[in-house]
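To keep things clear, I will list the structure first and then write my remarks on it.
As the structure is a computational prediction, the values presented were derived from the model and not from experiment. In each ligand, atom 1 is the first atom listed, and ligand 1 is the first ligand listed.
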Amino acid sequence: MSAAQHESDEIAAIRQAVRALCEKFPGEYWRALDRERAYPTEFVEALTGAGFLAALIPEQYGGSGLSMGAAIAIMEEIQANGCNGAACHAQMYVMGTLLRHGSPEQKQKFLPSIARGELRLQAFGVTEPTSGTDTLNLRTTAVRDNDHYVVNGQKIWTSRVEHSDLMLLLARTTPREQAQKRTEGLSVFLVDMREARGKGLTIRPIRTMMNHATTEVFFDDLRVPAENLIGREGQGFHYILSGMNAERILIAAECIGDAKWFIGRASGYARERNVFGRPIGQNQGVQFPIARAYAQMRGAELMVHEAAGLYEAGRDCGAEANMAKLLAADASWAAADMCVQTHGGFGFAEEFDIERKFRETRLYQVAPISTNLILSYLAEHVLRLPRSY
Ligand SMILES: Cc1cc2nc3c(=O)[nH]c(=O)nc-3n(C[C@H](O)[C@H](O)[C@H](O)COP(=O)(O)OP(=O)(O)OC[C@H]3O[C@@H](n4cnc5c(N)ncnc54)[C@H](O)[C@@H]3O)c2cc1C
């Protein structure tokens with residue numbers, strides 16, 4: 001029995017509803033978008049309309065108020081049915097920073113519209129070209145000027161920003177040498193891009209190996225109202241960190257969905273493809289990699305459920321969320337490689353969708369956090385080894 005089979009009737013119904021929605025967006029839909037690197041607007045609108053992207057917004061703000069267990073079921077099903085949740089997954093979790101650290105007025109102003117899908121908050125500007133993984137070294141500054149902050153600098157890999165109304169921005173408000181602690185002096189802002197575009201905000205798309213709507217963003221004296229500062233000035237790094245467990249768990253669930261899709265495709269093909277007068281799946285050389293990928297996926301799936309359970313119980317889940325992301329990303333990548341191999345030449349043919357999903361799932365070894373940094377986290381915080389960076 002898989003971890004998913006222990007779930008409640010409510011979650012089973014959610015899975016069924018997501019599957020039904022995904023059936024309307026078959027491989028041809030994604031292939032056409034992939035060729036043009038175009039955004040899956042209709043798919044995102046359908047998910048929004050069904051309330052799935054508001055899963056984690058409490059009912060008091062008009063959201064679905066669902067559990068993390070339900071949210072991971074949604075993300076997993078999207079991927080397991082051949083669709084690509086990366087186009088909109090951040091709409092589920094970026095609002096968590098606002099929910100946890102925003103003022104009552106900010107929450108009232110933004111969350112109900114986000115829950116209704118009228119406002120999109122699915123862009124997250126943290127990474128910069130010069131600092132990369134070393135977030136505390138970021139250079140974008142926000143300097144207070146009366147009732148505004150003036151923002152200058154650059155972000156990179158800011159995904160979905162062209163398809164978002166709001167962006168969560170991390171910028172330095174106190175010079176590094178003047179900050180009391182290494183982790184202080186950064187602040188989080190909600191940038192309203194409907195007002196900012198052309199007035200100090202420039203977006204430049206980056207074409208990537210998969211269809212991901214990612215960009216570079218330039219800030220040139222962009223004025224952001226001081227009322228858009230979230231929480232206390234200088235505490236932004238802590239606020240961003242507090243949202244990372246949810247992000248890791250949800251993306252790990254996507255990887256599980258991808259792994260299931262690859263394993264399903266590979267098993268189906270291995271049963272039906274006849275070479276040397278018998279199904280290729282009759283050969284152990286073909287069976288074993290599929291069976292291994294399945295076992296690897298199931299192990300990772302348990303960790304995803306463990307992390308989600310701790311998260312729901314309000315307990316510390318840093319190690320489990322990181323391990324879930326690590327194991328699930330490894331499982332999806334191993335399954336992707338196995339699936340190409342099982343299909344032989346046809347694994348490379350566009351119409352089989354395998355090469356597209358293969359390119360898409362490769363990302364999760366690098367983003368939203370790269371594998372090495374998870375290993376460093378475990379080494380330092382769980383195994384108490386010396387800090388390596
Ligand atoms: C398609 C895509 C979408 C993304 N979307 C977003 C987004 O929406 N918002 C956002 O803010 N960011 C986003 N990112 C950024 C992503 O989350 C990574 O954090 C970022 O790419 C890492 O920075 P870098 O590429 O400069 O790598 P670098 O920091 O230069 O690292 C390069 C390599 O070195 C390794 N490395 C670096 N330092 C160490 C160390 N101390 N120990 C061991 N290994 C180390 C890394 O693991 C990596 O493999 C996205 C990235 C991609 C590719």
- Query: Glu42 and Tyr29: side-chain donor and acceptor closer than 3.5 Å?
  - Reply: yes

- Query: Going by atom types only, do Asp192 and Asn228 share a side-chain donor-acceptor pair under 3.5 Å?
  - Reply: no

- Task: Any chance you could pull the hydrophobic cluster mates of Leu222, using side-chain heavy atoms under 4.5 angstrom and chaining through other members?
- Result: Tyr149, Val151, Val161, Met167, Leu169, Phe189, Val191, Met193, Leu201, Ile203, Val217, Phe219, Val224, Leu229

- Task: Share the residues that join Phe218 in a hydrophobic cluster, the rule being Ile, Leu, Val, Met, Phe, Trp or Tyr side chains under 4.5 Å apart at the heavy-atom level.
- Result: none

- Note on the structure: side-chain hydrogen bond (donor to acceptor under 3.5 Å, both in side chains) filter on Thr41, not counting sequence neighbours, yields none

As a test of reading the model: which N/O atoms of the protein lie under 3.5 Å from N/O atoms of ligand 1, and at what distance?
| from | atom 1 | to | atom 2 | distance (Å) |
| --- | --- | --- | --- | --- |
| ligand 1 | 5 (N) | Trp157 | O | 2.8 |
| ligand 1 | 5 (N) | Ser159 | OG | 2.8 |
| ligand 1 | 8 (O) | Trp157 | O | 3.1 |
| ligand 1 | 8 (O) | Ser159 | N | 3.1 |
| ligand 1 | 8 (O) | Ser159 | OG | 3.4 |
| ligand 1 | 9 (N) | Phe124 | O | 2.7 |
| ligand 1 | 9 (N) | Trp157 | O | 3.3 |
| ligand 1 | 11 (O) | Phe124 | O | 3.3 |
| ligand 1 | 11 (O) | Val126 | N | 3.0 |
| ligand 1 | 11 (O) | Thr127 | N | 2.9 |
| ligand 1 | 11 (O) | Thr127 | OG1 | 3.1 |
| ligand 1 | 12 (N) | Thr127 | OG1 | 2.7 |
| ligand 1 | 17 (O) | Pro368 | O | 3.1 |
| ligand 1 | 29 (O) | Thr133 | N | 2.8 |
| ligand 1 | 29 (O) | Thr133 | OG1 | 2.5 |
| ligand 1 | 44 (N) | Asn372 | ND2 | 2.9 |
| ligand 1 | 47 (O) | Ser370 | OG | 2.3 |

- Item | Tyr389 six-ring face occupied by Arg387 cation (under 6.0 Å, within 45°) | yes

